[in-house]
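Here you go, one structure.
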Amino acid sequence: MNKKLFRSCVTPVAAVALGLIIGAILIASQGSSPITAYQAMLVGGLRDSDALLRTFQKATPLIFGGLAVAFAFKAGLFNIGGQGQLLIGAVFAAGVGFGLDGLPMVIHLPLALIAGGLAAAIWGGIAGALKATSGAHEVIVTIMLNFVAGNLTDWLSSSPWKDNSGDRIIARTPPIEPSAEIPTWGALPVGFLLAILVAIMCWFVLERTTFGFQVKSVGFNKDAARYSGIRIGVITASTMAISGMLAGFGGAVESLGVDGRFEAGVNVGLGFEGITIALLARANPIAVIPAGLLVGLMQAGASRMQFKADVAPEIIDVIQALILFFVAAPTILRWILRFQNQTDEDLKLGVGWGSK
Amino acid sequence: MVDVLIGAQSVTKRFPGVLATNQVSIELKPGRILALLGENGAGKSTLVNMLFGMYRPDEGSVIIKDEVVNLQGPSDAIRRGIGMVHQHFQLVPPMSVVENIVLGAEPKKLGLVDLPEARKRVLELVTRFSLDVDPDALVEELPVGTQQRVEILKALYRNAEVLILDEPTAVLTPQETDHLLQVLRDLTTRGVGVVFITHKLREVLAIADDIVVLRNGQVVGTTTPSASSETALAEMMVGRSVLLRVDKTISQPGEVVLEVRNLEVDDDRSQRAVNNLSLKVRKGEILGIAGVEGNGQRELVEAITGLRASEAGEILISARAVTNTSPRKIASLGVGHIPEDREKHGVIGVYSVEENAMINRYHRKPFSLRGLLQRKAITSHAKEVVNEFDVRTPRLDTAVATLSGGNKQKLIVGREFSGEIKFLIAAQPTRGIDIGAIEFIHRSIVKKRDEGAAVLLVSAELDEIIGLADRIAVLFEGKIVATLDAAEADREQIGLLMAGVGVS
């Protein structure tokens, strides 16, 4: 078991290391010191409670987004719609957050969270239902729904739900009521705790429930699942809905715990990083937590790195992309590192592609 | 004149945890046919893969034309005159025979494929080796036996002097098999040597010049057909005496359990595969469906088990209409199904033995309570199946993908047999598994029959049908062309019916 655990860590750890090494070369090529840069990054993400808070805040939507992609992966589905689902979750959570008042926190906050999750579940479920009924590929449909979600949330925050106080230039909703705010305990945002809790729940659902067994069966061998009486369409649709909900929670936590409202353009790109996280975690919901924290740390330390080492913060995106590249192409990694007798089962990235 | 065309000298090949071949030596002389006989996992495939350059031996050496060679890969082997016909054909179906044969070694003119030249060369080969193939036909339109000859031509086109065939007769009718054996015989008169992997004893005795029997990665015997017999070979393969025929009593058929009326089913390409087919299977009898693969067997079985939609007609199980209902509903009527494609439908490879032992009933008590999986019940059930059906597995949480075909199959049979079974569909229940497991599965099926189950047995192995079935229905082009009593069935006659001869 430990050996197995070790083996499944080799690829991600090597990918991260290699990404950082190449990142260091790039930093050096800009005339800066990689050591100073990475040191600044670590300090910026870890030194004090402010830094830690930043890291946790950055990590939270990454974990939710990673869970969304990982969960769908288990059923052999590639959810690229995390971005759209996240936006939908963010705007509807904010909508309930500012739209209702006079509610006690114990009701208002969960209600806002659920509203975000549910709306995003429907958003993800659309792609699942289309796949189940017509065979429309979820990758295509979720990409298209990302655009729809982007425009829909832009419209909501610039027209019916627009904040009309102040200078009225920015497309954003009014601030949410205090009763819908996710609190922060010292350096620890409660949203982050929620992400960990949800990750554990995902693991439990997948490993301990009959439903999770069905999801994995469909992912591992669709034909055998059908033979066993599993209704593929139902599982596909519900898995995509759950996946959407997970991404939507990420957006809801952003609105309710970080931004305090929904603002068009603020959450752009967050949903896509879930793919990196899920791959780095090899689609294991528990491993999504450290993967999210790692990338969250890098992002939290980016601005200090820019300030201290005079490195463009985009270098973090480049390193992230390199890591994604290496986890996604373990063959290249293996060739570079000369693994011998690698028996580590590879995570199939092609899941869903080309299959009906 | 070379002495040894191809050979292995004390080759040993290890895979993690397995000694695949251990000090194996063989040699093939020009113009001879060498049969490699052995059960699954005996090391036959590993051995020929080393001869073909796919693997490198850890110890020992490969010899080609009296020279020790260090093969760099299959293309190196091909360059040295080795050709291999794989069990699964490596052909491009929508392309013509000529195109398939020259693919990868095309004659070129001004950098473009010179098809007329290619056609000329292929025709030359066809005539020289008197292989009956139309060079302009599309591969997808050819019967399996002809496709196989295209594979052989592919090797000959690349100047193969040695032909390695991996289980070449698995997909052929008895007549096609005879034809293949004749073709191989002819090739040897032209100096080609043949290495032939099989587990069918009859063929070995019919064609081989030399027989090498492998067991557990070692050569356990070298013999010739004249000095051996089916029983002796079987014992050598398995390492103990085996029963080649199934002991069973005369069936006592009861009421009709499965009734199929005027069924029409389409295949994946929406071509009619089952054509106005009707049949009945009674309690306590085994109805065997004989036929060459691809004559509608798969579609028939999938329609009955709910995996494929029927276009017309009716299916009744215990007098309940089940046409186009879900697989789960059908299974709940007491239907067990040993699927034709073990890897595709039968097991989920990454799942453990435990999980695979209950995958048909995971949603029911005691395996699932309030939506949660019950590990204890799952484990104890798996333990029972593994013990009762003699599944050889290191542990219950071992991934099924690592088990041998025979053990996977025994696990599937055990799973499908546990519980109340009124009707059993067994499709190719012993394909690609070892004699020991075949024996066991045959006895289990007969036992189920004796306990009162109705059994529909679909098999491409005529011997299996004749050995097990009480009645035999011959399927040809989606229709049942004859139904015979097993007692009066004649191998020759069934073979002809399977090939559509004498069918109006």
Residues of residues 197-208 of chain A within contact distance of chain B, non-hydrogen under 4.5 Å: A:F204, A:E207, A:R208
Sequence neighbours excluded, which residues qualify as ring-ring contact (aromatic ring centres under 6.0 Å, His included) partners of A:F213? B:Y351, B:Y362
Would you name the heavy atoms of A:A224 and B:V347 that are closest together and state the gap between them? CB-O, 3.8 Å
About how many Å separate CD1 of B:I359 and CD of A:Q214, when rounded to the nearest 0.5 Å? 10.0 Å
Note: A:S228 and B:R328 closest approach over all heavy atoms is O-NH2, 3.3 Å
Could you check which of B:N360, B:T305, B:L369, B:V350 has the highest count of heavy-atom pairs closer than 4.5 Å to chain A? B:V350
Between chain A and each of B:P327, B:S332, B:G371, count heavy-atom pairs under 4.5 Å; write down the option with the most. B:G371
Around atom CZ of B:R415, are there more than 12 heavy atoms of other residues, nucleotides or ligands at under 6.0 Å? yes
Relative to chain A, which segment of B:R361 carries a heavy atom at a distance below 4.5 Å: side chain, backbone, both, or neither? neither
Check side chain to side chain donor-acceptor pair (under 3.5 Å) between B:T21 and all other residues, then give those that pass, not counting sequence neighbours. none
What do you reckon, is CZ of A:R231 surrounded by more than 12 foreign heavy atoms closer than 6.0 Å? no
Against chain A, label B:R364 side chain, backbone, both or neither, depending on which of its atoms sit under 4.5 Å from a heavy atom there. neither
What are the residues of residues 336-344 of chain B, in order of number, with any heavy atom under 4.5 angstrom from a heavy atom of chain A? B:H337, B:P339, B:E343, B:K344
Can you tell me which of A:N221, A:T210, A:T209 forms the most heavy-atom pairs within a distance under 4.5 Å of chain B? A:T210
